[in-house]
Amino acid sequence: MNKKVRVRFAPSPTGYLHLGSFRTALFNYLFAHHHGGKFILRIEDTDQSRKVEGAVENLINILNEMGLSYDEGPDAGGEFGPYFQSQRLELYRKYCDELLAGGHAYYAFESAEELEEMRRVQQMQGKQTMYDRRARNLTDNEVKERLASGIPYVIRLKVPIDSEIRFTDLIRGNVKIDTNLVDDQVLLKGDGFPTYHLANVIDDHLMNISHIIRGEEWLTSVPKHIILYNAFGWEIPQMAHVPLILNPDKTKLSKRQGDVATEDYLKKGYLREALLNFMALLGWNPGEGEEKEIFSKEELINLFSIERVNSAGAVFNIDKLNWMNGEYIKKYDINELTELILPYLNSGGIDTSDLAKTKRVVFAIKNYLNRLDEAYEQAKVYYSSVSLSDAQNDIICNEISKQVFAALTSKVDALLEITIDNFKPLLSEVQKETGVKGKNLFMPVRLALTGEEHGPELGLIAYVLGKEEVLKRLKI
RNA sequence: GGCGCGUUGGUGUAAUUGGUUAACACGCCGCCCUCUCAAGGCGGAGAGUACGGGUUCGAUCCCCGUACGCGCUACCA
């Protein structure tokens, strides 16, 4: 890569960060860092009708939370700002005038209703719905008159006739499109704001963007952009269009079939490291016989290459995410994991003021978790008081059980404290002494300690409860 | 409808520039561990690479067609 790598993530602030957008941002981030380049955040807020309060703040928060820090952007500064397109309006106007002067664009004065009518007629005639370029033939005087009389206007791109645009996509290879199928796209809207096509070309050039990595939905509008780059005489950045993320039925990932907002997954208790790892592997892989799947962000940066991004859409497989998240939870630092799990325990009503106990609980439950929000279900057994049914009472009150409790009590009593693995051997000893084994041995102890017939292994339970509590509960 | 992109077990992917019994992971099933539920260990089923034609001594891999899916076809991004 001889040119300095500069990539951008350019979302429109819709209020949340779609998983697909997140992955696009991630690929940009990994690419930039792999090549020692810069990652830029640019807000594409050129649609005034779609403004959402607080959307940008939310977007920035999620990006930060996911660890995708950017080198330049709204709140990060940089010498190519402003990074809000809504603050770059004069720029777009200026370049539009240049296009007009060079004969690459033209004024058009149709109202929305006229255009609608035009499309209706085209549809009736079974023709392609496309702007019919009626304003292309307006004379200079006609344009002047209309401008002078204050008729609302837009500026449209003058797409070359009978030509073919070819380009090479880093992921898909060669693509070619006939310009006769390309619409005379509106560049500057009636409200003075640019459309995506104009703004993105101007900004990418002005911001020295070297590689455009964005969603597949933009692939077919590349010709419009190339026409613009050529009209300006600018160098065209390299392009890579990443595939879509799909629902299990292979339609585009949508709200109807589950959560699509990255923040929702965080709330549900997916670790950011796991989510990042999983999303990176959705449509990309390191290849070369690499069979590992758990990668840190640093490893991903090291291994990433845009050419190895798949060209086909990928189904979002929640089962595998669950598995991967579980892998991360199992290996997580116990102190940090406790911090993360605390809110989930609290919201379930568990008193976590005893931090030492909470840590023991977290240690005990982590192997049982795929998601953090399952923590309460798994943890509650360690906090509940024991209450038994009649049948269960019969079990712990019978003679055999009493023998077991007596033997066990004296052994626990002799212990300085219960550790993760010194309780289970005690049960084996009790078994030898009393001759009681299997279910007859374990179930009374389990019931006495937890009041439940199912639960984690007894060693863990005793460890969490601690010596005092265990002795107390064995006293029947 | 038109144009573009795509298609390897249920899912995510792998397979030196065409030569493999088509590999790995998730999921599923079974066994072991075991008082239970997970975890863990071991093993198994599951694709002849969407389909049909080519090119070739030989195609998952190259070419063409068909089908299907998705995307685009806005003064939305």
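Within every chain, numbering begins at 1; the chains are lettered A, B, ... in the order of the sequence lines, protein sequences first and strands thereafter.
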Q.
Tell me if the centroids of the rings in A/Phe304 and A/Phe27 come within less than 6.0 Å of each other.
A. yes
Q: Would you tell me whether A/Asn422 and A/Tyr463 have side-chain atoms, one donor and one acceptor, within less than 3.5 Å of each other?
A: no
Q.
Can you measure A/Met130 atom CE to B/rC3 atom C1' for me and round it to whole angstrom units?
A. 11 Å
Q) Does the side chain of A/Lys189 get closer than 4.0 angstrom to OP1 or OP2 of B/rC76 through an N or O atom? A) yes
Q: Compare the minimum distances between each of B/rA77, B/rC26, B/rA14 and the side chain of A/Asn317, then state the nucleotide with the smallest one.
A: B/rC26
Q.
At less than 4.0 Å, is any side-chain N or O atom of A/Arg119 found next to OP1 or OP2 of B/rC75? Yes or no.
A. yes
Q. Between A/Ser221 and A/Arg172, which is nearer to the 5' end of RNA chain B once each is assigned its nearest nucleotide?
A. A/Arg172
(Q) For a quick check of understanding: with a heavy-atom distance under 4.0 Å over all strands, which category does A/Gly283 fall into, base, sugar-phosphate or nothing? (A) sugar-phosphate
Q | Pairwise C1' distance, B/rG4 and B/rG40 [rounded to whole Å] | A | 49 Å
(Q) Could you tell me if A/Gln85 and A/Asp203 have a donor-acceptor pair between their side chains, going purely by distance under 3.5 Å? (A) yes
(Q) Using a 4.0 Å heavy-atom cut-off to protein, can you give one letter per nucleotide of nucleotides 37-50 of chain B, 5' to 3': B if the base is in contact, S if only the sugar-phosphate is, - if neither? (A) BBSS----------
**Q.** Out of B/rC5, B/rU13, B/rA23, whichever nucleotide has its closest atom nearest the side chain of A/Glu216
**A.** B/rC5
Q: Please tell me which of the listed nucleotides, B/rC35, B/rG12, B/rA77, lies nearest to the side chain of A/Arg446?
A: B/rC35
(Q) Can you check the distance between B/rU11 and B/rG27, where both ends of the measurement are the P atom (answer in whole Å)? (A) 16 Å
**Q.** Closest heavy-atom pair and its distance - A/His211, A/Val7
**A.** O-CG1, 3.5 Å
Q. Any salt bridge between A/Glu433 and A/Lys411, counting N to O under 4.0 Å?
A. yes
Q) Which glycosidic conformation, syn or anti, is assigned to B/rG48 if syn requires a torsion within 90° of zero? A) syn
Q: Determine, for A/Asp373 against A/Arg371, whether the closest basic-nitrogen to carboxylate-oxygen distance falls under 4.0 angstrom.
A: yes
Q: For nucleotides B/rG10 and B/rC28, find the distance between their P atoms and express it as a whole number of Å.
A: 16 Å
Q: For A/Met239 and B/rG4, give me the distance from atom CE to atom C1', rounded to whole Å.
A: 14 Å
**Q.** Spacing of A/Leu246 atom CG relative to B/rU13 atom C1', expressed in whole Å
**A.** 15 Å
Q.
Using whole Å, what does the distance between atom P of nucleotide B/rC35 and atom NZ of A/Lys439 come to?
A. 10 Å
Q. Do A/Gln128 and B/rG1 share a donor-acceptor pair, side chain to base, under 3.5 Å?
A. yes
Q. Is any side-chain N or O of A/Thr129 closer than 4.0 Å to OP1 or OP2 of B/rG2?
A. no
Q: Would you please name every residue forming a ring-ring contact (aromatic ring centres under 6.0 Å, His included) with A/His18, sequence neighbours left out?
A: none
Q. How about A/Asn285 and A/Arg308: does a side-chain donor come under 3.5 Å of a side-chain acceptor?
A. yes
Q: Answer with base, sugar-phosphate or nothing: what part of the nucleic acid does A/Pro194 contact at a heavy-atom distance below 4.0 Å?
A: sugar-phosphate
Q. What orientation do A/Trp218 and A/Tyr196 show, parallel under 30°, tilted 30 to 60°, or perpendicular over 60°?
A. parallel
Q. For B/rA15, does OP1 or OP2 lie under 4.0 Å from any side-chain N or O of A/Arg308?
A. yes
Q: For B/rA59 versus B/rC70, give the span between their P atoms, rounded off to a whole number of Å.
A: 33 Å
**Q.** Pair pattern of RNA chain B in dot-bracket, where unpaired bases get dots and | marks partners in another strand, Watson-Crick or G-U under 3.5 angstrom
**A.** (((((((..((((.....[...)))).(((((.......))))).....(((((..]....))))))))))))....
Q) Tell me: CD of A/Glu217 to C1' of B/rG69, nearest whole Å? A) 16 Å
Q | For atom CG of A/Leu198 and atom C1' of B/rA74, their distance in whole Å | A | 16 Å
Q | A/His241 NE2 to B/rC72 P, straight-line distance once rounded to whole Å | A | 12 Å
Q.
What's the gap between B/rC33 and B/rC51 when it is taken at their C1' atoms, as a whole Å value?
A. 48 Å
Q.
Distance check needed: B/rC76 P versus A/Leu115 CG, whole Å only.
A. 11 Å
**Q.** ring pair (Phe, Tyr, Trp, His ring centres under 6.0 Å) between A/Tyr265 and A/Phe278, intermediate numbers included
**A.** CA-CA 12 Å; A/Tyr265 287 86; A/Phe278 178 75; 9.1 Å; no
Q | A/Arg93 and A/Glu90 ion-paired at < 4.0 Å | A | no
**Q.** A/Leu244 side chain, from C-beta outward: closest of B/rA74, B/rC70, B/rC26
**A.** B/rC70
Q. Touch check for A/Gln123, heavy atoms < 4.0 angstrom, all strands: base, sugar-phosphate only, or nothing?
A. nothing
**Q.** side-chain N/O A/Lys250 vs B/rU11 OP1/OP2, d < 4.0 Å
**A.** yes
Q. Between B/rG53 and B/rC61, how far is it from one P atom to the other, in whole Å?
A. 14 Å
Q. What integer number of Å spans the P atoms of B/rC57 and B/rG52?
A. 23 Å
Q) Looking at A/Arg214, does any N or O in its side chain come under 4.0 Å of the phosphate oxygens OP1/OP2 on B/rA77? A) no
Q.
For a quick check of understanding: with a heavy-atom distance under 4.0 Å over all strands, which category does A/Val182 fall into, base, sugar-phosphate or nothing?
A. nothing
**Q.** A/Asp132 (side chain) donor-acceptor with A/Arg134 (main chain) under 3.5 angstrom
**A.** yes
Q | A/Thr220 side-chain proximity, nearest of B/rG12, B/rG4, B/rC75 | A | B/rG4
Q | Whole-angstrom distance between B/rA47 and B/rA23, as gauged at atom C1' | A | 12 Å
Q: Compute the ring centroids of A/Phe9 and A/Phe22, then answer whether they are less than 6.0 Å apart.
A: no
Q | Given RNA chain B, 5'-ward residue of the pair A/Asn310 and A/Lys224, judged by closest heavy atom | A | A/Asn310
Q) Looking for any heavy atom pair under 4.0 Å, which part of the strands does A/Val154 touch: base, sugar-phosphate only, or nothing? A) base
